[in-house]
Amino acid sequence: MKNHVILRVVTKLLIPYILLYAFYVQWHGDYGPGGGFQAGVIFAAGIILYALVFGLQAAEDAIHPRVVHAGVAAGLLLYLAVGVVALLLGGNFLDYDAFGHHGQHHGILLVETGVFITVASVMVTIFYSFAELVRSD
Amino acid sequence: MKAYLVVAIAGVLVTMAMALVRAARGPSVYDRILAVNSFGTVTVLFISVLGFLLGRPDFLDLALLYALLNFVGTIAILKYFKYGNLAAGED
Amino acid sequence: MIGEQLIGVILLALLALTAITIARLRNLLATAMLSGIFSLLGACWMLFLDAPDVAFTEAAVGAGISTILILATLCVVGADEKQVQESPLALLVVLVAGGVLVYGTLDMPRFGDPNAPAHQSLVTQAYLYSANAPAEHRETQPSRDAHELETFAVGIPNTVTTVLASFRGYDTMGETAVIFTAGLGVVVILGGARHRRFEPSETVDITPSDERPEA
Amino acid sequence: MDAIREALSWLFIVPGALLCVTGGIGLLRLPDFYARMHAAGVTDTLGTALVLVGLMLQPADWTVTVKLAVILFFLYVTSPTAAHALIHAAYTSGHRPEFAKDAPLPREVESR
């Protein structure tokens, strides 16, 4: 679909906004609907749109599958790390009050970031793996 | 409850029903894609009007999400039908 | 009030119509598209019930990603549903199970009932209180003071986020682990695919049989 | 001021809803895919725009107005593009209107 001019231009226009909107949903989740899970899915949708229009190879060149595989683990590790750091600071596991005055705020943001990274990576991984199976190029 | 919002939501619901019938009946795959795309657009309207009707304008975040994601779904279906896979790069 | 109820009834009727259509179709491509519509309607219904966070998830996952992932799967397996012999026994089992579920709902509190246990529980009150109380509140008033509830103060306006990420942090960690496991499973099973491409003889016809031109 | 706002809301939202219904009827009743495409266009462009502009007139926070404008912008970018890609795919893959079953495939369409 790369040779389809209108589609290509509009996709290029749209992808930054989809990714930006994912971050809006991520950081605004404390005040409105949304959070890490939804943001991760939206972010993955932006990358998948790129893969659909410009081809799987182009997407894999932009974001290598190895990076995505690392992201799958990194998000969960970030989540666990927040818990362990709270433990080391003298609180209970995942007790954000140990982080000080605005601890709850910071803890929730960090944990949501972990969820975001894992969900986005898993969605992109699933898409890459399935599209890989029947690629024609 | 403002009367024009009620009119709007009634019109939007009727349109949703008609698009749904077209998506179910087909007959060709292109009719279905067209109906699904229209349905998505009308759903954006439904969510916006519902937000004002119930006095919850933060529902608009959801409408914005649909306005962006509806396009991705349509392109995916088109690509599937034209190329038989989702990986192809060249035409 | 009656008008609002009517919107809900119409949405549920459209949902039922979509579900019946999906069950009757044998063309999996059309099924994928209609399940996208089903997710959209489901999200509208949840929004109508004033649950924007759930609707958001349903919208992002159901309408955005799952349609694409279903299509990616159909590329591999083809778009015709396998014909199976429909037995009356299966229908009976489904009807009985559905009847039991409907019977179960009869004991549930009425929709929006203020006396429902979920609305009266101390836990609910604590959640709602914590979401609305500012974080500084806790500093000035020690926990054993006046209200027991004030120990819960978090100071984040969105109750759902507070409950998911703070009160139920363990739960959400488990959910993240589940998603991680799903990704791991896909990588382990399909990850080696690039080394063994499908041979041309293995390719499947992705056009559903009722869309194919007459041969 | 409020009376003008009310009047303008009626003027925008009700015709917008009617145009949506018109598009829906066309989607349901017109004879073939290319004709239905026109009907869907009515819903996607003027119907959507009138309803959203009407909602912008409602008294609300300025962020709400901005969000509505952004939604309108994205709908106006994505739906014509999706419609164009759809009709391009249909025509190049050999789908023909009811009244021109044997129309040949134009070279320029084929090569694009």
Side-chain angles (χ1 to χ4, degrees), chain B residues 1 5-6 9-10 12-14 16-17 19-21 23-37 39-40 42-44 46-47 49-51 53-54 56 58-66 68-81 83-88, chain C residues 1 3-4 6-7 10-11 13-15 17-18 20-22 24-25 27 29-30 32-34 36-41 43-44 46-48 50 52-53 55-56 58-76 78-79 158 198 203-208 210-211:
Chain B
M1 202 183 271
L5 290 181
V6 176
I9 210 143
V12 164
L13 276 172
V14 170
M16 278 163 91
L20 179 61
V21 171
R25 291 227 320 240
S28 78
V29 70
Y30 300 111
D31 288 299
R32 291 206 163 105
I33 302 175
L34 178 65
V36 170
N37 197 32
F39 193 90
V42 179
T43 308
V44 172
F46 175 80
I47 294 170
V49 178
L50 189 70
L53 202 61
L54 302 182
R56 293 282 305 272
D58 50 330
F59 285 2
L60 282 178
D61 282 354
L62 204 71
L64 187 52
L65 173 73
Y66 276 149
L68 290 169
L69 285 194
N70 195 22
F71 180 68
V72 184
T74 308
I75 297 301
I77 297 172
L78 272 179
K79 179 148 187 184
Y80 169 85
F81 200 70
Y83 298 95
N85 69 65
L86 299 181
Chain C
M1 204 53 222
E4 281 185 25
L6 196 62
I7 296 174
I10 292 173
L11 278 177
L14 289 179
L15 268 173
L17 194 69
T18 319
I20 292 169
T21 315
I22 289 175
R24 291 183 61 85
L25 279 174
N27 172 349
L29 179 57
M33 289 186 231
L34 279 167
I37 288 189
F38 188 83
S39 295
L40 280 173
L41 279 168
C44 289
M46 288 160 189
L47 204 57
F48 173 74
D50 218 359
D53 284 85
F56 220 101
E58 179 71 36
V61 177
I65 287 282
S66 76
T67 309
I68 299 172
L69 293 185
I70 289 173
L71 287 176
T73 314
L74 290 189
C75 289
V76 185
N158 188 349
F198 275 24
T203 51
V204 287
D205 193 348
I206 56 109
T207 318
D210 52 333
E211 304 278 2

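Computation of the quantities below employed the complete heavy-atom set of this structure, encompassing side-chain atoms and omitting hydrogens, waters and symmetry-equivalent molecules. So you know, we letter chains A, B, ... as the sequences are listed, proteins then strands, and number each from 1. Computed from a predicted model, the values in this text were never measured in an experiment.
Your options are A13(C), A32(C), A59(C), and the one with the most heavy-atom pairs under 4.5 Å with chain B is A59(C). Taking chain B as the reference chain and counting heavy-atom pairs below 4.5 Å, the highest number among L14(C), D50(C), I68(C), L40(C) is found for L40(C). In terms of heavy-atom pairs under 4.5 Å with chain C, the best-connected choice from L69(B), N70(B), V21(B), V36(B) is V36(B). If you tally non-hydrogen atom pairs under 4.5 Å between each of V72(B), L20(B), D61(B) and chain C, the highest count goes to L20(B). Of all the listed residues (L71(C), T21(C), T67(C), L25(C)), the one sharing the greatest number of non-hydrogen pairs under 4.5 Å with chain B is L71(C).
The shortest distance between side-chain heavy atoms of L41(C) and T43(B) does not fall below 4.5 Å. Using a 4.5 Å cut-off on side-chain heavy atoms (C-beta onward), L47(C) and R56(B) make no contact. At least one side-chain heavy atom of N27(C) sits less than 4.5 Å from a side-chain heavy atom of R32(B).
For the atom pair CE of M33(C) and CZ of F39(B), the computed distance is 14.5 Å after rounding to the nearest 0.5 Å. How far CZ of F81(B) is from CG of L29(C): 7.0 Å, rounded to the nearest 0.5 Å.
Residue contact with chain C, scored on non-hydrogen atoms closer than 4.5 Å, involves the side chain of L54(B) exclusively. In this structure, the portion of L65(B) lying under 4.5 Å from any heavy atom of chain C is its side chain and not its backbone. Of the atoms belonging to L11(C), it is side-chain heavy atoms, and not backbone ones, that fall under 4.5 Å from chain B. Of the two parts of L68(B), neither the backbone nor the side chain holds a non-hydrogen atom closer than 4.5 Å to a non-hydrogen atom of chain C. I22(C) does not touch chain B: none of its heavy atoms, backbone or side chain, sits under 4.5 Å away.
Taking each heavy atom of S39(C) and Y66(B) in turn, the nearest pair found is O-OH, 4.4 Å. Of all the heavy atoms in L34(C) and A23(B), the pair that sits closest is CD2-CB, 4.1 Å.
When I47(B), L50(B), L62(B), L13(B) are each tested for a side-chain contact (heavy atoms from CB on, under 4.5 Å) with C44(C), only one passes: I47(B).
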